[in-house]
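Let me begin by presenting the structure, written as structure tokens, before commenting on it.
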2 protein chains.
Amino acid sequence: MKNETDSLRLENQLCFPLYAAARGVVRRYRPHLDALNLTYTQYIAMMVMWEERLCSVRELGKRLYLDSGTLTPVLKSLEQKGCVRRYRSPEDERVLLVELTENGRQLREACADIPYKVGCSFDLSAQDAQTLHRLLYQILGQFD
Amino acid sequence: MKNETDSLRLENQLCFPLYAAARGVVRRYRPHLDALNLTYTQYIAMMVMWEERLCSVRELGKRLYLDSGTLTPVLKSLEQKGCVRRYRSPEDERVLLVELTENGRQLREACADIPYKVGCSFDLSAQDAQTLHRLLYQILGQFD
DNA sequence: TATAATTTAATTGTGCTCAATTGAATCGAG
DNA sequence: CTCGATTCAATTGAGCACAATTAAATTATA
């Protein structure tokens, strides 16, 4: 039987373990990404670029649930590293297109084993991972 | 049958929905916390204080999976608002003790309905919430 | 067509996260 | 007791998250 006291206990919140686990998992990626001179946000942005090759900032933001305030500096940094090109769409000058470069494409091979390595570092059964995946996307679906 | 191509797809990662869902959930708290002039990090710090009343920065950090670089400014801000007091332990001057004030205690009542309100805004069955909770703590347990 | 509304990305400012470093206090081995 | 190691919090610097604002381009409407 829950009351106000229980509801404000840290361990009864969903937000807390969610937030802490997310940061912890990102921390596990860091050593692998450091070696490739990538931040985590740059990495997930590149994941979209590997799938799309050409993509507007807006589309990228929708996929990643991030706005231009976050993406603009991330994409500028990726451009400086030569992973993407950025240019205004000729059809609509408001739209900034981001395009994968050959350099960026090659980075994908270097990243190929990261998910496996990080995945192995977690003691989570395939069944549990799948359940977690499903529940997270169920939550994410409510942010559209 | 998975290959490198699949493993680097955004939607096959666990890290991505975890991170995005965590931020989305925190965003749902924001309007409620804004009304009380609290940030999310201040809020979870207060949750520990409501449970402990007196707690070192180190213990707080262990509970929240945060270090002093994050906590120091958060706790200073909470002190300025009059929610906690901070003072060095007489037994060990290295240790900074954080103590709940009467003001801080009263804040708890004002926060009492936040978990319920936020919880209601998610379409997640009690069963699913419990499963998610279990899986997240299973992951968190690997960060100790 | 003129202008009002909308869309898009960039910018700005505040706060969080984290790694690395610093400095003080304490502890432990000799 | 002394010196080196450890512990603890604070600080610093880099990068991310996000709300709010700005400016330009486009679209819709009167």
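Below, read A as the first sequence line, B as the second, and so on, with proteins coming before strands; counting in each chain starts at 1. Fair warning: this is a prediction, and the values are worked out from it, not measured in the lab. Values reported hereafter were calculated over all heavy atoms of this structure, with side chains retained and with hydrogens, waters and symmetry mates removed.
Counting non-hydrogen atoms under 4.0 angstrom, B:T70 reaches a base of the nucleic acid. Note on A:D67: a base of the nucleic acid sits closer than 4.0 angstrom, heavy atoms only. Within the 4.0 angstrom heavy-atom criterion, no nucleotide atom of any strand lies near B:V26. Note on B:S77: nothing from the nucleic acid sits closer than 4.0 angstrom, heavy atoms only.
Put simply, CD on A:E93 is 13 Å from P on C:dA10, counting in whole angstrom units. To the nearest angstrom, C1' of C:dT14 lies 13 Å from CG of B:N37. One interatomic measurement links the two molecules: CD of B:Q80 to P of C:dG15, which rounds to 10 Å at whole-angstrom precision. Between B:L97 atom CG and D:dA9 atom C1' there is a gap of 12 Å when expressed in whole angstrom units. For the pair A:L75 CG and C:dT8 P, the computed distance is 16 Å after rounding to whole Å. For the pair A:Y40 OH and D:dA17 C1', the computed distance is 14 Å after rounding to whole Å. Taking atom CG on B:D34 and atom C1' on D:dA20, their separation rounds to 13 Å, with Å as the unit. Straight-line distance from the OH atom of B:Y87 to the P atom of D:dA9: 13 Å, rounded to whole Å.
Residue order along DNA chain C, read from the 5' end via each residue's closest nucleotide, puts A:R88 first among A:R88 and A:R30. Remark on DNA chain D: of its neighbouring residues A:E91 and A:L66, the 5'-side contact belongs to A:L66, judged by nearest-heavy-atom nucleotide. Toward the 5′ end of DNA chain C lies the nearest nucleotide of A:E59, the other residue of the pair A:E59 and A:G24 mapping further downstream. Between B:K76 and B:D92, the residue anchored nearer the 5' end of DNA chain D, judged by the nucleotide with its closest heavy atom, is B:D92.
At the phosphate of D:dT11, neither OP1 nor OP2 sits under 4.0 Å from any side-chain N or O atom of B:T72. Not one side-chain nitrogen or oxygen of B:Y65 sits closer than 4.0 Å to the OP1 or OP2 atom of C:dT17. Between A:Y19 and the phosphate of C:dT17, there is a side-chain N or O to OP1/OP2 separation shorter than 4.0 Å. Residue B:R86 places at least one side-chain N or O closer than 4.0 Å to OP1 or OP2 of D:dA10. Contact annotation: A:S56 does not reach the phosphate of C:dT8 (side-chain N/O to OP1 or OP2, under 4.0 Å).
The base of C:dT8 is not paired with the side chain of A:R58 by any donor and acceptor separated by under 3.5 Å. Counting atom types as modelled, A:R23 pairs no side-chain N or O with a base atom of C:dT17 as donor and acceptor under 3.5 Å.
In this structure, A:Y29 and A:Y43 have tilted ring planes: the angle between them lies in the 30° to 60° band. Using bins of under 30°, 30° to 60° and over 60° for the plane-to-plane angle, the ring pair A:F122/B:F143 lands in the perpendicular bin.
Counting non-hydrogen atoms of other residues, nucleotides and ligands closer than 6.0 Å to CD of A:E102 gives a total above 12.
With respect to the salt-bridge test (charged N to carboxylate O, under 4.0 angstrom), the residues A:D113 and A:K117 qualify. Salt bridge status for B:E79 with B:R85: absent, with no side-chain N to carboxylate O gap under 4.0 Å. The existence of a salt bridge linking A:E99 and A:R86 is excluded, since no basic side-chain nitrogen approaches an acidic carboxylate oxygen closer than 4.0 Å.
When the nucleotides D:dG15, C:dA10, C:dC18 are ranked by their closest atom to the side chain of A:R27, C:dC18 comes out on top. The side chain of A:R94 lies closest to C:dT7, out of D:dA10, C:dA10, C:dT7. Set against D:dC8, C:dA10, C:dC16, the side chain of A:S68 has C:dA10 as its closest nucleotide.
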